[in-house]
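As the structure is a prediction and not an experimental result, all values here were calculated from the model. All values below were derived from every heavy atom in this structure, side-chain atoms included, with hydrogens, water molecules and symmetry-related copies excluded. In what follows, every chain begins at residue 1, and chains take the letters A, B, ... in the order their sequences are listed.
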2 protein chains.
Amino acid sequence: MKTTIKDIAKMAGVSTATVSKVVNHKDNNISEATRQRILNLIEEYNYVPNRVASSMVTKKTHSIGLVIPDITNPFFPEIARGVEDLANQHGYHVILCNSDNDLKKEVAYIAMLQEKMVDGIILTASAMREGETLDLGRIHVPVITVDRDIKASKIKGKIIVDNKSGAYEAVSYMLNKGYKRILHLAGPFTSGTSKERYEGYKLAHENFGLPIYEELFVEGFYTAEWGYEGIQRVLNEGIDFDGVFCANDLIALGALKALKEKGVKVPDDIGIVGFDDIYMTTLIEPRLTTVHQPNYQMGYKAAQMLVDFIEEKVVKEKKIILKTELIIRESS
Amino acid sequence: MKTTIKDIAKMAGVSTATVSKVVNHKDNNISEATRQRILNLIEEYNYVPNRVASSMVTKKTHSIGLVIPDITNPFFPEIARGVEDLANQHGYHVILCNSDNDLKKEVAYIAMLQEKMVDGIILTASAMREGETLDLGRIHVPVITVDRDIKASKIKGKIIVDNKSGAYEAVSYMLNKGYKRILHLAGPFTSGTSKERYEGYKLAHENFGLPIYEELFVEGFYTAEWGYEGIQRVLNEGIDFDGVFCANDLIALGALKALKEKGVKVPDDIGIVGFDDIYMTTLIEPRLTTVHQPNYQMGYKAAQMLVDFIEEKVVKEKKIILKTELIIRESS
DNA sequence: ATGATTTAGGTAAACGTTTACCTAAGGGTG
DNA sequence: CACCCTTAGGTAAACGTTTACCTAAATCAT
């Protein structure tokens with residue numbers, strides 16, 4: 001049998017109220033003698049407060065749900081870590097959910113989180129297909145989205161990254177460097193980030209007064225496999241290009257691999273620029289020029305905003321747009 | 001106000017017991033008419049059962065704690081994913097905790113998890129320094145360790161990988177290929193896995209009747225930074241070697257980078273073999289020969305065993321040793 | 001000495017479920 | 001008709017806390 005507050009109260013000859021007060025440091029009107037007596041008993045009998053019982057009365061579980069597509073995707077651990085760090089600092093714990101970019105799973109997880117009475121949810125929404133929509137109508141805890149901007153009602157806050165300007169900066173840099181025909185290996189257009197990065201690509205060309213060649217834009221997926229395949233396809237079609245702007249680093253890594261295998265020299269023959277700045281970009285040869293995304297910051301800020309909502313502090317900014325940073329390395 | 005079981009009961013003109021039964025599908029003796037009436041009200045009023053209240057009476061929270069050093073280390077996301085997948089299949093959710101290899105944080109997290117009444121804990125223990133010991137004496141839920149074998153009482157089960165034989169196989173392979181002076185960039189010896197891998201390295205040499213050169217063994221950390229630095233140090237000291245066996249892939253990646261920068265050709269001049277088979281090993285050039293660790297499997301099996309303990313099934317094996325697999329690629 | 005205030009703690013309801021056990025009505029059997 | 005069984009549901013305690021409000025004794029000011 002686990003020791004409960006009642007056991008301690010009985011042994012100390014006080015009421016449970018008194019024990020509760022000392023456990024929660026609301027012991028301003030408890031005599032030092034009693035306090036010590038209780039503390040000793042707690043120690044001796046290894047009393048561990050049952051937080052689920054507390055939650056029943058306080059209506060707070062001090063837990064937050066984190067719903068992301070896949071922790072295995074190198075993009076997400078940093079976000080998760082940022083969330084967890086801030087949460088931990090404030091006494092919250094985080095429940096990890098992998099939605100696999102599947103709206104059904106996502107909805108199921110959110111429902112589950114609600115049943116578990118989490119105090120709030122941080123969500124990187126799955127890419128939605130046409131006609132799909134995420135209904136948060138029945139959720140009554142704050143929801144913050146991270147990285148992906150979705151249009152669903154009831155979202156209390158957003159943390160996003162300025163993808164368009166990040167891409168703009170990267171492509172401008174390439175154009176400045178003299179690249180003329182920049183291939184854009186895009187992510188899936190069901191993802192808003194992918195679209196925004198494409199827009200940055202376009203805008204840079206426009207500002208330079210350069211045309212956009214249709215054959216230099218290829219839509220795909222956010223994976224290394226696709227980067228690998230995409231390059232091969234373009235090469236096989238005989239399309240000419242002197243630089244590649246990839247919608248994320250995974251694509252870039254795949255592309256780089258494919259180019260190397262074809263004997264193409266990077267950056268001498270063709271330059272590559274990625275997006276995200278995931279850890280491994282510095283471990284490869286040549287190190288990848290890329291657009292740094294502040295992932296840890298995103299997670300951290302999201303959690304911060306969520307906790308502010310939960311604790312009913314005033315939240316000044318409900319939409320935080322984080323800046324990217326172009327990191328120039330040797331691949332371009 | 002959120003709808004509770006009482007609201008539904010009142011509106012349906014039945015007792016809460018009845019509603020509870022239909023919600024939990026224990027409705028064998030509830031008439032179909034009543035069942036439908038209740039179901040409709042649940043739908044209409046968006047009744048969401050409060051699982052923390054359930055937990056109070058059932059003594060189960062259907063949550064498990066996952067304590068790992070750092071989700072940001074590419075070694076762990078796969079484990080976490082394995083855990084989460086199995087947990088999810090069985091209706092459990094997982095609470096993520098990053099201990100940063102800090103015993104204090106680890107202990108604090110475990111205490112917190114206990115207060116939150118998790119049903120069990122999966123732990124990749126932090127590397128302990130001399131004299132440190134993890135006291136699980138006060139935990140009364142099952143604890144399973146993963147990857148790292150620690151000696152702490154009260155561990156209900158272990159999932160580990162046969163590090164020694166993995167290393168043995170890798171080094172034997174190198175020796176067979178004709179490498180004569182194999183540098184071993186080890187991890188920290190506070191970590192058991194690191195020691196075991198070293199033992200595999202030693203055993204292979206012994207079986208080949210070859211000597212072990214002291215200067216070819218260097219203890220360090222499980223990071224790419226250290227691999228990079230370690231190689232430079234060895235090179236600066238003018239120590240001669242023709243192959244490198246790294247205690248993990250991160251070290252190997254760092255080492256590879258350092259070698260490339262010095263103009264050393266891999267695998268022509270020097271061969272490299274790593275350990276872990278993290279995702280990025282296939283994205284670099286040359287792709288890394290490494291010892292595959294079944295990380296996802298580890299997490300999955302750990303969760304499986306934990307759930308079996310929680311649900312009081314008979315657990316046949318309390319120590320599962322997973323086999324590694326040597327993956328030969330181009331770096332050797 | 002009296003009334004007011006402070007100190008130290010107690011009382012008991014409430015949080016939202018589950019579940020062992022009870023009951024009342026109806027049906028079946030001989 | 002008397003008895004038993006089944007059906008359909010109800011009763012109420014229990015889970016372990018927290019907290020608004022209460023109270024009795026001691027101290028203080030005048």
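- At a cut-off of 3.5 Å, with distance as the only test, no side-chain donor of A:Y296 or B:T72 sits close to an acceptor on the other residue.
- For B:Q304 and B:H90, the side-chain atoms include no donor-acceptor pair closer than 3.5 Å.
- For DNA chain D, the residues of residues 2-21 of chain B within the heavy-atom distance limit of 4.0 Å (strictly under) are B:G13, B:V14, B:S15, B:A17, B:T18, B:K21, sorted by number.
- One interatomic measurement links the two molecules: NE2 of B:H62 to P of C:dT18, which rounds to 11 Å at whole-angstrom precision.
- Counting heavy-atom neighbours within 6.0 Å of A:K154 NZ, excluding the residue itself, gives a total above 12.
- Ion pairing of B:E78 with B:R81 is absent here, as no side-chain N (NZ or NE/NH1/NH2) approaches a carboxylate O to less than 4.0 Å.
- At least one side-chain heavy atom of A:Y222 sits under 4.5 Å from a side-chain heavy atom of A:T193.
- Between B:K59 and D:dA14 there is no side-chain N or O to OP1 or OP2 distance below 4.0 Å.
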Worked verdict on B:K301 versus B:E317 for side chain to side chain contact (heavy atoms under 4.5 Å, CB included) = CA-CA 11 Å; B:K301 294 244 180 210; B:E317 295 177 283; over 6 Å; no
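- Listed by residue number, there are no residues of residues 41-55 of chain B with a heavy-atom contact under 4.0 Å to DNA chain D.
- A 4.5 Å side-chain heavy-atom check between B:I64 and B:V118 finds every atom pair outside the cut-off.
- Straight-line distance from the CD atom of A:E115 to the P atom of C:dG16: 15 Å, rounded to whole Å.
- Within the 4.5 Å cutoff, side-chain heavy atoms of B:K2 are placed close to those of A:M117.
- Side-chain atoms of B:E84 and B:N88, non-hydrogen and from C-beta on, do get closer than 4.5 Å to each other.
- Between the P atom of D:dC15 and the CE atom of B:M117 lies a distance of 14 Å, rounded to the nearest Å.
- When side chains are defined from C-beta on, A:N295 counts as touching A:M298, because their heavy atoms get closer than 4.5 Å.
- Listed by residue number, the members of residues 24-38 of chain A with any heavy atom below 4.0 angstrom from DNA chain C are A:N29, A:I30, A:S31, A:T34.
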